[in-house]
Amino acid sequence: MKVAIASTGNTLESKIDSSFGRCAWFIVIDTEDGGMEFIPNTNQDMEEHAGKAAVELVASRNVEMIVSGEFGAKIKPLLDSMHIQMVVIKDAEKKVSDIIALLNNRRK
């Protein structure tokens, strides 16, 4: 399964971003083969519709789940229509590596 994580940076030690649409980076993890892709969020400075553009960006990578600190109100119906699960992690101290560890434990 491919999972996109909203991140403050482009390393595994970066923290989860509290904002999905305006996060700095997306880290796409393939839980099957361990592959990773670091994608800058080129939509983060848009005046409007940053969340929708961010959804389109990560959906183009065929993700089945997105992990973020929070999502805008308009994002849930959009993700539901695309059959992409959204996971909210409120702990702003969580690092990308922590999320990956949680995902790996979930598979066991």
Side-chain angles (χ1 to χ4, degrees):
M1 168 173 49
K2 286 190 174 181
V3 179
I5 302 170
S7 174
T8 59
N10 63 348
T11 72
L12 297 180
E13 295 307 304
S14 300
K15 293 182 180 173
I16 189 168
D17 204 304
S18 62
S19 173
F20 167 71
R22 301 202 181 277
C23 71
W25 289 83
F26 291 107
I27 297 158
V28 177
I29 311 297
D30 188 325
T31 61
E32 302 301 317
D33 66 16
M36 285 185 223
E37 183 179 8
F38 296 82
I39 306 165
N41 183 6
T42 55
N43 307 302
Q44 68 179 335
D45 294 325
M46 290 177 67
E47 289 202 24
E48 294 182 1
H49 310 295
K52 182 178 184 295
V55 167
E56 291 170 1
L57 176 65
V58 295
S60 73
R61 302 312 202 273
N62 299 316
V63 300
E64 296 174 54
M65 177 188 293
I66 300 172
V67 179
S68 180
E70 71 179 54
F71 294 85
K74 298 176 187 170
I75 298 305
K76 182 174 179 7
L78 181 58
L79 292 178
D80 286 348
S81 73
M82 300 172 93
H83 305 288
I84 298 174
Q85 181 182 0
M86 61 185 220
V87 176
V88 176
I89 306 269
K90 292 287 188 185
D91 184 352
E93 295 303 308
K94 286 275 188 219
K95 298 178 185 172
V96 171
S97 58
D98 297 330
I99 305 303
I100 294 170
L102 289 170
L103 291 168
N104 288 335
N105 287 336
R106 183 175 178 241
R107 283 185 32 219
K108 292 180 183 176

Steps toward side chain to side chain contact (heavy atoms under 4.5 Å, CB included) verdict (Met36, Ile100) = CA-CA 11 Å; Met36 285 185 223; Ile100 294 170; 4.3 Å; yes

Residues which pass salt bridge (charged side-chain N to carboxylate O under 4.0 Å, His left out) with Glu93, listed by chain and number, not counting sequence neighbours =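 Listed in chain order: Lys15.
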
Only counting residues at least two apart or in another chain, list the ones meeting salt bridge (charged side-chain N to carboxylate O under 4.0 Å, His left out) with Lys52.
->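 Expected list: Glu56.
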
Working to the nearest 0.5 angstrom, can you tell me the gap between [X] [atom1] and [Y] [atom2]?
X: Ile5; Y: Ile39; atom1: CD1; atom2: CD1; result: 11.5 Å
X: Asn10; Y: Trp25; atom1: CG; atom2: CH2; result: 4.0 Å
X: Ile29; Y: Asn104; atom1: CD1; atom2: CG; result: 9.0 Å

So, do [X] and [Y] sit near enough that their side-chain heavy atoms are less than 4.5 Å apart?
X: Arg61; Y: Glu37; value: yes
X: Val67; Y: Met86; value: no
X: Val3; Y: Leu103; value: yes
X: Met65; Y: Val87; value: yes

On a heavy-atom basis, which atom in [X] and which in [Y] lie closest, and how many Å separate them?
X: Gly69; Y: Val88; result: O-CG1, 3.1 Å
X: Asp17; Y: Arg22; result: OD2-O, 4.5 Å
X: Ser7; Y: Val96; result: OG-CG2, 3.6 Å
X: Asp30; Y: Lys2; result: OD2-CE, 4.0 Å
X: Ala53; Y: Met46; result: CB-SD, 3.7 Å

What pairs with Lys95 under side-chain hydrogen bond (donor to acceptor under 3.5 Å, both in side chains), at least two apart in sequence or on another chain?
->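 So Lys95 forms a side-chain hydrogen bond (donor to acceptor under 3.5 Å, both in side chains) with Glu13.
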
Results of side-chain hydrogen bond (donor to acceptor under 3.5 Å, both in side chains) for Ser14 - residues two or more places apart only |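 In terms of side-chain hydrogen bond (donor to acceptor under 3.5 Å, both in side chains), with neighbours along the sequence ignored, Ser14 is linked to Thr11.
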
Within the side chain of Asn41, is there an N or O that forms a donor-acceptor pair under 3.5 Å with the backbone of Cys23?
->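 Side chain of Asn41 to backbone of Cys23: a pair is present.
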
Would you confirm whether Thr31, through its side chain, and Met1, through its main-chain N or O, come within 3.5 Å as a donor-acceptor pair?
->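 Confirmed, Thr31 side chain pairs with Met1 backbone.
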
Linking I/L/V/M/F/W/Y whenever any side-chain heavy atoms sit under 4.5 Å apart, do Leu12 and Ile89 land together?
->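 Both belong to a single hydrophobic cluster.
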
Assess whether side chain to side chain contact (heavy atoms under 4.5 Å, CB included) is satisfied between Ile99 and Lys94, documenting all intermediate values.
-> CA-CA 7 Å; Ile99 305 303; Lys94 286 275 188 219; 4.2 Å; yes

Residue pairs fulfilling ring pair (Phe, Tyr, Trp, His ring centres under 6.0 Å) with at least one residue in residues 60-104, sequence neighbours excluded =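 Listed once each, the pairs are Phe20-Phe71.
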
Test Phe26 against Leu57 for side chain to side chain contact (heavy atoms under 4.5 Å, CB included), laying out the working first.
-> CA-CA 9 Å; Phe26 291 107; Leu57 176 65; 3.9 Å; yes

Using the side chain to side chain donor-acceptor pair (under 3.5 Å) rule, collect all pairs that involve residues 65-81, keeping only residues at least two apart or in two chains.
->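 Qualifying pairs, neighbours excluded: Lys76-Asp80.
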
Would Ile66 and Leu79 satisfy side chain to side chain contact (heavy atoms under 4.5 Å, CB included), going step by step from the backbone distance to the final call?
-> CA-CA 9 Å; Ile66 300 172; Leu79 292 178; 3.7 Å; yes

